[in-house]
Amino acid sequence: MNRRIVARVLAAAAIALTMSACTSGAGGTGSVAPVGTLDARQNAGSKITHVVIIVQENRSFDNLFQGFPGADAQSYGYTSTGKKLALQPFGLETPWDIDHDSQSFFAACDGQGSLPGTDCKMDGFDKEAMSCGLGGGPPHCPKPDSQYGYVPASETKPYVAMAKQYVLADRMFASNFDASSFVSHQYAIAGQSNSAVDYPSGQWGCDGGPKDVIPTITQQRTYGTNVQACFDNQTLGDELDAAGISWRYYTSDIGNTTSGIWNAYQAIKHIRYGPDWSANVVSPQTRFFKDVANAKLPAVSWVTPTCANSDHASCDSNHGPHWVASLVNAIGKSKYWDSTAIFVFWDDYGGWYDHVPPPLEDYDGLGLRVPLIVISPYAKISFVSHVQYEHGSILKFVEDQFGLARLAASDARANSPATDCFDFSKPPRAFSPIPALYGRAGFEREPLDRRPPDSE
C-alpha cells in the first residue's frame, strides 16, 4: 500500500472531522484541495455503492446528439472564411479521421484571447487536417469541410434511448484542451497528466522507456520540455486501494503497443509495475460481463472499448452504441442496478465541429464539448443538464461518494453531477432495457481487435 496515499486519506479524514468549509477552488496542476465535511459534499449516502465509468472515443456534442430535444445542439457552423455550412451526415463507420492535437484545437477555436485557444470564435474547424483512414486510398479519404458533420439518428438510437430515459448533459467539456486521448485518459484516472500535451512519440506508457517521450505545455500554452510518457501520479485507483475499496480497469490487451493505447494505467509507473497491474487492470474488457453476472462487480469500474466499438472515426464500425447498451443492460438486469451510477462519456471531440466555446479554467483546459450520459435508478427522468462538467466531475462524484481526497486541479474545481443529475429522495426505479442490435454474446464472440485507430 502506498504510504503517501495512506497519509493523504488519513489527513482528509481528519479535516473532514474538524472543518466545515467546502472544498476550495482549483490550485496548480497536481495540487490537492482540502476536503470539506461530508455534509458539504454532494453525497448519496448508502444508495450508490457502485460507479461504472464507460469511456468512448472522439465525438463532439453537436456531432453525436444533433436534434436532441431540449439540448443545445446546432445543425450548422462557420468556416474560417465566414462561410455558413449545414452539418453533413457521416456515419460512425466513417473511414477517415480528423486531426485533433493542440494545434488543431487552436485552429478550430480561432481564439482572440491573450493565450492560444481562448475567447474562441469556433469557426476554424476547416483548418484542421484530415487523414485517410486505416484502409488507405480514395474511398477512405475525406472531402473538403468534412469536419462539419453529425452522426445520423439511425445510428445513435441506443444513445438516444439512454438519454431520453435518464440524463444527458450538454455542458460537459474535456478537462484537457488538446484533445489527445493519451492525456484525456490520464485525466479520467488521475485528474491531471503532468502538463503533457499531444501524443507520445512511441508506446503509450512506461513500457516504451525513456525514448518514448511526450511534449508538455507551459502556463502560456507554448510547448515546454519533453518528458517520458510514464508518470507516478496518484490516481483514483490508489485512493480506492488505500481506503480498502475495490476497483477494476477493463481494457484491451494489457501492455500491447497498439490495441492497448487506451489503457491509461500503463502510463502510471507504480501501477504498471506493481500488484494492481495483475489484480485490477483486466483484459479483455468483455470480462466486465462475467464479473457482473458472477456477482464480482467492484465498487468502481472503468470500461474502455476496442477500436470497432469505440465510435472513433476510421474504425469502420458503427457498433459503439450497441456496445455501450450491452454494458448498461448487463448492469440493469443484475442485482447491482439499485446501487449503481453509470457515466458514459467521450474522451475528446475528435476534430468534429461543435459550436459552444470551451471555458478557460486553466492553462491546459478546458477542451471542446463532449457528450455525457448519466444512468442510474436515481437519475432524473428524461432530463437535460446544462451545468458545466468535465472529466474531473466524474472523479469528484466518486471521491464524494467514498470520502476520498481530491487528486488535482480538475476534480477540485469541477461541478459534481450529484445534485443536478440525480434525485436521491425517491426510491430506485425499475430498469427498462436499452434496445440494441448486438448484446453480450455477440461482443464476447468478437475476434480480438488489435487495430490502433490512429495515434490519437
Side-chain angles (χ1 to χ4, degrees), residues 56-68 73-111 117 120-157 159-160 174 178-181 198-199 305 307-321 346-358 367-371 451-456:
Q56 291 295 99
E57 293 291 320
N58 292 39
R59 295 287 162 176
S60 73
F61 193 93
D62 278 344
N63 175 262
L64 202 57
F65 281 95
Q66 193 58 231
F68 191 89
Q74 186 169 285
S75 61
Y76 60 89
Y78 292 92
T79 70
S80 58
T81 62
K83 181 181 178 181
K84 182 178 179 179
L85 291 177
L87 302 190
Q88 308 169 67
F90 296 118
L92 289 167
E93 67 280 6
T94 297
W96 41 263
D97 199 13
I98 308 169
D99 195 12
H100 43 278
D101 60 9
S102 57
Q103 295 303 315
S104 296
F105 169 82
F106 295 154
C109 160
D110 188 13
C120 298
K121 294 194 296 182
M122 305 300 282
D123 62 359
F125 289 79
D126 56 312
K127 293 183 177 180
E128 295 176 321
M130 293 185 287
S131 59
C132 299
L134 298 175
H140 294 265
C141 298
K143 297 178 181 179
D145 297 328
S146 292
Q147 303 94 332
Y148 296 80
Y150 70 94
V151 180
S154 59
E155 291 195 359
T156 60
K157 288 180 180 178
Y159 290 148
V160 170
D178 67 296
S180 154
S181 287
D198 297 340
Y199 318 105
C307 183
N309 301 326
S310 69
D311 299 330
H312 197 298
S314 83
C315 282
D316 306 318
S317 173
N318 59 9
H319 292 181
W346 284 256
D347 73 329
D348 65 63
Y349 79 110
W352 297 103
Y353 176 78
D354 196 84
H355 78 282
V356 177
L368 293 187
R369 197 172 59 138
V370 295
R451 296 175 301 158
D454 55 15
S455 63
E456 302 156 10

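All values derive from a computational prediction rather than experimental measurement.
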Measuring only between side-chain heavy atoms, which start at C-beta, is [X] closer than 4.5 Å to [Y]?
| X | Y | value |
| --- | --- | --- |
| Q103 | D198 | no |
| D354 | Y349 | no |
| R369 | D62 | yes |
| Q66 | S75 | yes |
| H140 | S131 | no |
| T156 | F65 | no |
| W346 | Q56 | yes |

Rounded to the nearest 0.5 Å, what's the gap from [atom1] on [X] to [atom2] on [Y]? Could you check?
| X | Y | atom1 | atom2 | result |
| --- | --- | --- | --- | --- |
| F125 | H355 | CZ | NE2 | 10.5 Å |
| S104 | Q147 | OG | CD | 9.0 Å |
| N58 | T94 | CG | OG1 | 12.0 Å |
| F105 | H100 | CZ | NE2 | 13.5 Å |
| K127 | D123 | NZ | CG | 8.0 Å |
| L368 | Y353 | CG | OH | 10.5 Å |

How close do [X] and [Y] get, heavy atom to heavy atom, and via which atoms?
| X | Y | answer |
| --- | --- | --- |
| N318 | E93 | CB-OE1, 3.5 Å |
| S80 | D126 | OG-OD2, 2.8 Å |
| G367 | P358 | O-CB, 3.2 Å |
| R59 | V370 | O-CG1, 3.6 Å |
| D178 | S180 | OD2-CB, 2.9 Å |
| S310 | C315 | OG-SG, 4.0 Å |

Return yes if a side-chain donor-acceptor contact under 3.5 Å exists between Y159 and D311, otherwise no.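 Judged by distance alone, the side chains do pair up.
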Given S181 and D348, is the side-chain hydrogen bond (donor to acceptor under 3.5 Å, both in side chains) satisfied, shown in steps? CA-CA 7 Å; S181 287; D348 65 63; 3.2 Å; yes
Set out, in order, the CA-CA distance, both residues' side-chain angles and the distance that settles side-chain contact (heavy atoms from CB on, under 4.5 Å) for L87 and N63, then state yes or no. CA-CA 8 Å; L87 302 190; N63 175 262; over 6 Å; no
Should the ring pair W96 and W352 be called parallel, tilted or perpendicular, given that the plane angle runs from 0 to 90° and is split at 30 and 60?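 Ring orientation, 0 to 90° scale: tilted.
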Without swapping roles, check the side chain of D97 against the backbone of S314 for a donor-acceptor pair under 3.5 Å. no
